[in-house]
Amino acid sequence: MEDQKSLNFIEEIIEHDIAHGKHAGRVHTRFPPEPNGYLHIGHAKAICLNFEIAKKYGGKTNLRFDDTNPATEETEYVNAIKRDIHWLGYDWEDREYYASDYFDQLYEYALDLIRKDLAFVDDSTAEEIAEQKGTPNEPGKLSPFRSRSVEENMDLFVRMKDGEFPDGARVLRVKVDMTAPNMHMRDPVIYRIKRQHHHRTGDKWCIYPMYDFAHGQSDSIEGITHSLCSLEFIHHRPLYEWFIEKLGIFPSRQIEFARMNVNFMITSKRRLLQLVNEGIVTGWDDPRMPTISGVRRRGYPAAAIRIFCEKVGIAKRDNWIEIELLESCVRNELNQTALRRMVVLDPIRVVITNYPEGQTELLPSENNPENESTGERDIPFGKVILIEREDFMLDPPKKYFRLAPGATVRLKSAYIITCQEVIKDETTGEVTEVHCNYYPDSKSGSDTSGIKAKGTLHWVHESSAISGEVRMFERLFTAENPMDEGSDFMSKVNPQSQKVIKNIRLEPAFADAVDGDSFQFIRHGYFTVDRDSKPGHLVFNQTVSLKEGWSPKE
RNA sequence: UGACCCAUUGUGUAACGGUAGCACGGCAGAUUUUGGUUCUGUUAGUCAAGGUUCGAAACCUUGUGGGUCAACCA
């Protein structure tokens with residue numbers, strides 16, 4: 001049976017359009033970032049939506065940089081954005097466009113509107129225009145310059161373009177409706193004078209179109225059939241359609257969906273920049289950042305992000321996604337792909353008293369029990385090993401399956417041991433060493449001992465272990481919604497969001513690990529090799545812990 | 001005090017006038033040489049009040065609650 005997957009409301013619109021032969025059944029979407037910051041997890045949803053929906057209906061997706069404001073936009077961001085989209089697994093082929101590619105065409109459109117007496121040059125100041133607009137509760141007033149002749153408007157606009165007037169001296173506005181309840185219809189500004197070097201057009205222009213006069217027309221020029229954007233643009237749609245009608249251009253359709261909010265995260269480029277600038281994080285790609293580059297460095301697989309975006313769904317209601325869902329997608333992916341390794345973060349020595357002095361042996365262990373094709377590796381074992389300090393308790397509670405005086409445990413892929421003696425520091429009372437017995441016939445894979453051990457511990461062989469460090473992370477913010485009204489989001493920054501543990505002990509199989517490799521540290525979680533690693537000294541970022549089960553508190 | 005959008009278990013999302021389902025989470029159990037994974041069971045929901053209808057989560061009205069809109073930003 002076919003599993004009947006229900007459609008989201010955008011797919012319903014598209015299928016309806018296809019069924020009615022609109023645009024001959026063609027589907028063409030676009031992802032339109034402004035190159036003024038790095039992409040974050042919220043953008044990932046828009047990227048996945050646009051690319052996946054085009055793929056589903058046999059269409060294409062363009063990448064288009066919405067670069068109409070040269071004051072904030074830079075080539076550095078263009079490159080970072082392209083890298084992030086590719087990393088996510090999407091390809092726009094040769095369709096890399098820029099709104100600035102259309103500046104000449106846009107200028108012609110403006111001339112057309114002037115000729116149709118639908119646009120006028122306004123000498124009012126920004127403050128005066130704001131005043132003319134009125135408020136949502138009161139209608140606006142006509143600009144005193146609204147009645148200029150077509151000839152005068154044409155002359156003034158050409159001279160604006162030719163650089164005859166200082167920045168901000170005049171703007172081009174369209175004549176829509178100053179009494180409209182929708183503020184965006186109150187004779188919006190469509191061109192402003194701004195002497196700014198543009199990252200692509202250089203100093204060719206001193207006038208630049210506004211968003212409303214660039215975005216929709218760019219969609220139209222590219223033949224975009226379904227222009228998907230977030231809900232806050234819903235009030236722009238009447239204007240979007242007004243321009244299509246008045247200009248008589250290809251009728252792209254704007255459809256709005258709700259952006260995704262993820263708790264404990266912020267997705268405001270301005271505020272993300274503030275975290276970078278104030279040194280709260282080390283950069284846009286700090287592993288604690290909700291940016292695409294941040295989660296990549298953190299070790300989140302691209303596939304996990306894609307599945308997350310799919311699970312989150314598409315609708316129009318405000319939503320708060322639990323960060324646990326993202327983490328569950330990451331665990332699910334890494335469980336399938338990450339190689340298992342044993343690492344001791346906080347070691348305590350275990351001496352196997354009845355193991356021959358000076359002897360070592362190699363014990364095979366599976367690289368990933370979820371994927372047999374990853375094979376096995378050999379782990380050295382010997383008389384002195386290291387286990388996790390938290391895996392030993394002098395006075396354990398009930399249901400404690402780990403090591404304690406007299407207790408018996410299995411060493412993963414090795415032998416069963418029983419604790420017989422505890423060595424303490426005479427002055428501090430701290431446990432410094434645990435002495436155990438091992439059962440030679442309990443060897444993993446050929447266990448004939450008949451002994452049952454409740455718990456299994458990870459370990460490393462002391463003298464063959466290699467060293468490294470790990471960065472453990474907590475949420476970057478202490479509040480589910482850091483932007484909650486009232487206090488400033490900076491006061492919600494978690495001061496303990498990163499903890500570095502130096503001198504961790506790793507099994508020797510890590511020797512050839514490289515930047516970006518992901519591993520499961522058995523019984524700890526998933527970790528990825530950071531680019532700060534140096535030969536002989538691996539640095540890991542904690543990607544996500546294993547799902548928490550039992551914990552020894554109480 | 002205007003216009004527009006929205007309202008389904010804790011969270012997200014279906015049901016298109018005809019049995020309120022799925023995923024994640026929670027809880028309980030089974031399996032387990034990772035207290036992971038996997039498997040099984042279970043929990044819990046239509047914002048409110050009217051109306052239309054044989055029948056309403058859905059359609060209508062009015063409330064209520066949340067969100068968005070007044071940059072020469074996008």
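Just so we're on the same page: letters track the sequence lines, and every chain starts at 1. This one's a predicted model, so the numbers in the text were calculated from it and none came from an experiment.
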Kindly confirm or rule out a cation-pi arrangement of [X] over [Y], judged by NZ or CZ under 6.0 Å from the six-membered ring centre and within 45° of its axis?
{"X": "A/Arg64", "Y": "A/Tyr97", "result": "no"}
{"X": "A/Arg170", "Y": "A/Phe165", "result": "yes"}
{"X": "A/Arg475", "Y": "A/Phe264", "result": "yes"}

Answer yes or no: does atom NE2 of A/His16 have more than 12 heavy-atom neighbours from other residues, nucleotides or ligands under 6.0 Å?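 No, not enclosed.
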Student check: side-chain heavy atoms of A/Glu34 and A/Thr72 closer than 4.5 Å: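 Yes. Closest side-chain heavy atoms under 4.5 Å.
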A/Ser230 and A/Glu256, any side-chain heavy atoms less than 4.5 Å apart: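 Answer no - side chains too far apart.
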No-H, no-angle donor-acceptor pair, [X] side chain to [N] base, under 3.5 Å:
{"X": "A/Glu138", "N": "B/U1", "result": "no"}
{"X": "A/His235", "N": "B/U68", "result": "yes"}
{"X": "A/Glu322", "N": "B/G12", "result": "no"}
{"X": "A/Arg331", "N": "B/U37", "result": "no"}
{"X": "A/Ser444", "N": "B/U33", "result": "yes"}
{"X": "A/His236", "N": "B/A74", "result": "yes"}
{"X": "A/Glu310", "N": "B/G12", "result": "no"}

With respect to the side chain of [X], which nucleotide from [options] is positioned closest?
{"X": "A/Arg410", "options": "B/U34, B/U33, B/A70", "value": "B/U33"}
{"X": "A/Val189", "options": "B/C72, B/U34, B/G35", "value": "B/C72"}
{"X": "A/Ile234", "options": "B/G35, B/C4, B/C24", "value": "B/C4"}
{"X": "A/Val171", "options": "B/A14, B/U34, B/C72", "value": "B/C72"}
{"X": "A/Asn332", "options": "B/U38, B/U13, B/C72", "value": "B/U38"}
{"X": "A/Ala315", "options": "B/U34, B/C4, B/U13", "value": "B/U13"}
{"X": "A/Arg192", "options": "B/C24, B/G36, B/C73", "value": "B/C73"}
{"X": "A/Arg402", "options": "B/G35, B/G2, B/A74", "value": "B/G35"}
{"X": "A/Lys412", "options": "B/U34, B/A71, B/C73", "value": "B/U34"}
{"X": "A/Lys547", "options": "B/A74, B/U34, B/U37", "value": "B/U37"}

Under 6.0 Å between the ring centres of A/Phe103 and A/His198? yes
Looking only at atom [atom1], what distance separates [N] and [M], rounded to whole Å?
{"N": "B/A28", "M": "B/U43", "atom1": "P", "result": "15 Å"}
{"N": "B/U9", "M": "B/A23", "atom1": "C1'", "result": "13 Å"}
{"N": "B/G12", "M": "B/A20", "atom1": "P", "result": "23 Å"}
{"N": "B/A14", "M": "B/A7", "atom1": "P", "result": "10 Å"}
{"N": "B/G67", "M": "B/G45", "atom1": "P", "result": "26 Å"}
{"N": "B/A15", "M": "B/C59", "atom1": "P", "result": "12 Å"}
{"N": "B/A57", "M": "B/G17", "atom1": "P", "result": "13 Å"}
{"N": "B/U52", "M": "B/A44", "atom1": "C1'", "result": "32 Å"}

In whole angstrom, what separates [X]'s [atom1] from [N]'s [atom2]?
{"X": "A/Met483", "N": "B/G67", "atom1": "CE", "atom2": "C1'", "answer": "15 Å"}
{"X": "A/Asn137", "N": "B/G2", "atom1": "CG", "atom2": "C1'", "answer": "5 Å"}
{"X": "A/Lys454", "N": "B/G36", "atom1": "NZ", "atom2": "P", "answer": "14 Å"}
{"X": "A/Leu7", "N": "B/C22", "atom1": "CG", "atom2": "C1'", "answer": "15 Å"}
{"X": "A/Glu333", "N": "B/C24", "atom1": "CD", "atom2": "P", "answer": "15 Å"}
{"X": "A/Asp212", "N": "B/A70", "atom1": "CG", "atom2": "P", "answer": "11 Å"}
{"X": "A/Asn182", "N": "B/A3", "atom1": "CG", "atom2": "P", "answer": "12 Å"}
{"X": "A/Lys133", "N": "B/G2", "atom1": "NZ", "atom2": "C1'", "answer": "17 Å"}

Report the residue (A/Asn36 or A/Gly313) whose heavy-atom-nearest nucleotide on RNA chain B is the more 5′ of the two.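 On the 5' side of the pair lies A/Gly313.
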Mapping A/Pro136 and A/Ile193 to their closest nucleotides on RNA chain B, which lands nearer the 5' end?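 The residue whose closest nucleotide sits nearer the 5' end is A/Pro136.
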Approximate separation, where rounding is to 0.5 Å, of A/Thr418 OG1 and A/Tyr438 OH: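 Answer for the OG1-OH pair, A/Thr418 versus A/Tyr438, is 13.0 Å.
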Touch class at under 4.0 angstrom, heavy-atom based, for [X] against every strand present:
{"X": "A/Gly445", "result": "base"}
{"X": "A/Arg340", "result": "base"}
{"X": "A/Phe233", "result": "base"}
{"X": "A/Met342", "result": "nothing"}
{"X": "A/Pro33", "result": "nothing"}

Is there a side-chain polar atom (N or O) of [X] under 4.0 Å from OP1 or OP2 of [N]?
{"X": "A/Thr68", "N": "B/A74", "value": "yes"}
{"X": "A/Lys194", "N": "B/C73", "value": "yes"}
{"X": "A/Arg317", "N": "B/U13", "value": "yes"}
{"X": "A/Arg186", "N": "B/A70", "value": "no"}

Does the side chain of A/His524 come under 3.5 Å of the side chain of A/Glu388 through a donor N or O and an acceptor N or O?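 Yes - a donor-acceptor pair under 3.5 Å links their side chains.
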May I have the step-by-step check of ring-ring contact (aromatic ring centres under 6.0 Å, His included) for A/Phe157 and A/Tyr191, ending in yes or no? CA-CA 9 Å; A/Phe157 184 57; A/Tyr191 262 99; 5.3 Å; yes
With both pairing distances under 3.5 angstrom for Watson-Crick or G-U wobble, and | for a partner in another strand, the correct string for RNA chain B is .((((((..((((....[..)))).(((((.......)))))....(((((..]....))))))))))).....
Using the ring of each side chain (for Trp, its six-membered ring), is A/His236 parallel, tilted or perpendicular to A/His184, with breaks at 30° and 60°? tilted
Relative to each other, are the rings of A/Phe519 and A/Phe510 parallel, tilted or perpendicular (30° and 60° limits)?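 Taking A/Phe510 first and then A/Phe519, their aromatic rings stand perpendicular (interplane angle over 60°).
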